[in-house]
Every structure is written in structure tokens, then in C-alpha cells.
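Reviewing the structure listed below.
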There are 2 protein chains.
Amino acid sequence: MSLITKETDYAARALLFLAKQKGRVVSSSELDKELGVPRPILRKVLQRLQREGILISQKGNRGGFTLVKEPKDIFLMDLMKIFQGNFSFLNCFVRDKLCANVKTCSIRKHVYKIEQKVVRELKTLTIQKLMREN
Amino acid sequence: MSLITKETDYAARALLFLAKQKGRVVSSSELDKELGVPRPILRKVLQRLQREGILISQKGNRGGFTLVKEPKDIFLMDLMKIFQGNFSFLNCFVRDKLCANVKTCSIRKHVYKIEQKVVRELKTLTIQKLMREN
DNA sequence: AATGAATGATACTATATTAGTATCATTTGT
DNA sequence: ACAAATGATACTAATATAGTATCATTCATT
Ligand code: FES
Ligand code: FES
């Protein structure tokens with residue numbers, strides 16, 4: 001079980017690096033060398049970040065990616081949403097109707113409480129924070 | 001992404017029910033009706049709980065399962081270990097060597113901190129607690 | 001204008017995890 | 001003897017994650 005999947009992690013790492021470059025255009029091949037992430041998947045991730053408006057891209061020779069959103073405004077939670085979708089810590093009652101009474105199910109209640117705490121923490125984590133406390 | 005898988009959830013639900021039966025022998029078919037969990041998988045789960053020493057079983061006609069461990073001594077965390085193995089919130093650096101410097105990787109550090117909080121919470125959750133606060 | 005280095009879009013394969021099923025031997029109360 | 005139960009084990013299916021491949025398009029450089 002993992003909270004952060006590789007794509008999210010790759011994205012965070014790439015953004016961290018880009019944030020340090022202050023607007024320089026960086027190609028995926030440079031990032032590849034820098035991060036050691038398999039190139040094709042790195043490209044996939046970068047393309048997605050571009051579509052999401054976090055990076056802007058420049059096509060053609062000498063092209064690449066630039067960070068366009070402020071590091072302080074990029075939350076790890078956002079990246080997780082993008083690459084992992086909305087998450088819920090508990091699935092049991094979603095697909096089926098297992099909770100005899102969803103409203104009173106204590107497992108659900110407790111796990112949900114933990115989930116909320118995690119979300120709260122994730123919502124404080126920005127790329128900027130990750131940079132600072134490196 | 002889910003913190004608690006179905007098997008863990010089924011186990012918790014089964015144990016909750018058994019805890020309320022105070023030592024009565026309950027067959028998997030009764031539990032099946034009670035919980036609405038697919039029978040074969042419920043059996044698998046119960047058998048596992050038996051092997052783990054949480055239940056004892058009685059074979060043969062009128063056989064079934066009885067809770068043998070105290071509800072206050074059964075932690076949700078234990079069930080997760082049994083059915084999900086040890087978990088870690090972050091995989092990136094495990095298989096590969098992506099963290100340029102594992103010791104200083106801030107992503108790792110932060111996620112680990114969150115993970116520890118979750119573990120701490122899970123370690124307070126017992127079947128007894130789940131019963132009480134239903 | 002040609003070239004090559006880059007991204008965009010998309011579809012595909014592989015691997016791992018989770019979920020669920022099936023089978024048959026063994027036990028035991030009636 | 002029989003039916004109702006578990007033990008053990010192996011199997012299939014579904015889903016999620018990870019990674020690859022392809023081809024069209026763009027554009028600085030020459
Ligand atoms: S029974 Fe699974 S969450 Fe309520
Ligand atoms: S780079 Fe992924 S955890 Fe350090």
C-alpha cells in the first residue's frame with residue numbers, strides 16, 4: 001500500500017528541480033539525466049503537468065518546460081489528485097452495501113477521521129516547503 | 001488508493017460480530033448471512049484469523065469460530081499487518097535508487113512523518129473501541 | 001528551406017495487488 | 001452413516017500501477 005505513487009513522486013521531484021531553475025526552460029532529457037527517472041514516463045508526467053497548467057511547455061528545438069505556478073501554490077495534494085485521483089482510505093461500502101448502517105459504522109467513522117487528518121497534513125505540503133526543508 | 005483493504009475490513013467486521021457473541025461458536029454461514037460478505041472469501045479470512053491465533057475453530061457438524069483474543073487486545077493495525085503486510089506510504093526509493101540522497105530527501109521525510117502519525121492512530125484502534133463507539 | 005531536437009496526443013503492454021472462486025480432504029455431532 | 005462444518009491450497013478475475021512505443025507537430029538553428 002502506498003499513499004504516494006511513483007508518478008506523483010516523479011512529478012514532485014521534477015517540480016522541485018524546476019523550481020530551483022527560476023524560469024529556465026528545461027527539456028525532458030535534461031530532467032531525465034537529473035532525476036534518473038525513466039524518460040518516457042517522465043515525459044508523460046510532464047505533459048500532464050502542462051495540461052494542468054502547472055508547467056508551460058515550449059515545443060521545437062531547444063524547447064522544454066518551465067514552472068509557471070508559484071511553488072508555494074503547488075500542493076502535494078494537487079499532484080496526488082492529478083495522478084492518483086481522489087482517494088478514500090476505505091472502499092468497502094462504496095461498491096457494495098456492506099455497511100449495515102453506513103452512518104453508524106464505526107470502522108468507517110474511525111478510518112474517515114484518520115483520513116481527514118492525513119488530508120489536512122497533505123494540504124499544508126507545498127513544493128516550496130519541500131524545497132526549504134530539504 | 002485505500003488504506004484498509006476489503007479483507008481487513010471483512011476481518012474487522014467479523015471480529016466485531018464475534019465479540020458481541022461472547023464465546024458462542026459461530027459458523028461461517030451464519031457470519032455470511034450476518035455480514036453479507038461473499039462466503040468463500042469470508043472463509044478464507046476466518047481461516048487466516050484462526051491460524052493467527054485470534055480465533056479458535058471447531059471442525060465438524062455445528063462447528064464454527066469463536067473469538068479467543070480479548071477485543072481490547074486486537075488492534076486494527078494487527079489485522080492490516082495480517083491481510084496487507086507491512087505498509088509504507090512511499091515506494092519510490094525502495095526498489096530503485098531514485099532519492100539522490102535518501103537521508104535528505106524532503107518528500108520522503110515529510111511523507112514518513114505523516115505515515116508515522118497514521119500508524120500511531122491505527123495502533124490505538126482496537127476491536128473493543130470499535131464496538132463501544134458504534 | 002531543410003534539419004533535428006523537442007513536445008502533444010494517444011494507445012499499448014507489463015507487472016503487481018487485490019478480490020474472489022473452486023476443490024477436496026478431514027473432522028465431528030447427530 | 002451422514003451431513004455440516006473447517007483446513008489447506010491452488011486457481012482465476014479484476015483493478016491499479018508502471019512503463020513503453022509511435023507518430024504528428026512545432027520551431028530554433030543552419
Ligand atoms: S463495514 Fe466496511 S466500512 Fe462499514
Ligand atoms: S525522491 Fe522519491 S522519496 Fe525521495
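On a predicted model such as this, the values are computed, not experimentally measured, just so you know. Chain A is the first sequence line, chain B the second, and so forth, proteins listed ahead of strands; every chain is numbered from 1.
Nearest nucleotide to the side chain of A:Gln58, out of D:dA28, D:dG7, C:dT21: D:dA28. The A:Pro40 side chain lies nearest to D:dT20 when the options are D:dT20, C:dT7, C:dA19. Out of C:dT18, D:dA5, C:dA6, the shortest distance to the side chain of A:Ser27 is found at C:dA6. Of the candidates D:dA28, C:dT21, D:dA5, D:dA28 carries the atom nearest the A:Asn61 side chain, counting heavy atoms from C-beta on. Comparing C:dT21, D:dT22, D:dG7 by their nearest atom to the side chain of B:Gln50 picks out D:dG7. Distances from the side chain of A:Arg62 to the nucleotides D:dA18, C:dT7, D:dA28 place D:dA28 closest. You'll find that the side chain of B:Lys44 is closest to C:dG20, out of C:dG20, D:dA5, D:dT20. Considering only side-chain atoms of A:Gln47, the nucleotide from C:dG8, C:dT21, D:dT6 that sits closest is C:dG8. Comparing C:dA19, C:dT7, D:dA5 by their nearest atom to the side chain of A:Lys59 picks out C:dT7.
Among the protein residues, A:Gly60 comes within range of the nucleic acid bases, having at least one heavy atom under 4.0 Å from a base atom. Nucleic acid contact class of A:Ser28 (heavy atoms, under 4.0 Å, all strands): sugar-phosphate only.
The side chain of A:Ser57 contributes an N or O atom lying less than 4.0 Å from OP1 or OP2 of C:dG8. B:Tyr10 has no side-chain polar atom (N or O) that falls below the 4.0 Å cut-off from OP1 or OP2 of C:dA19.
A:Phe65 has its CZ atom 13 Å from the C1' atom of D:dT26, to the nearest Å.
A donor N or O paired with an acceptor N or O is not found under 3.5 Å between the base of C:dG8 and the side-chain atoms of A:Arg51.
When all heavy atoms are compared, the tightest approach of B:Val37 to B:Asp32 is O-OD1, 2.9 Å. Here the closest non-hydrogen pair linking B:Ala11 and B:Leu49 is CB-CD1, 4.1 Å.
Separation of atoms CD1 (B:Ile114) and CG (A:Leu76) is listed at 7.5 Å; rounding is to 0.5 Å.
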Taking it one step at a time, do A:Arg24 and A:Glu30 satisfy salt bridge (Lys or Arg N to Asp or Glu O under 4.0 Å)?
CA-CA 12 Å; A:Arg24 216 186 96 227; A:Glu30 184 183 345; 2.6 Å; yes
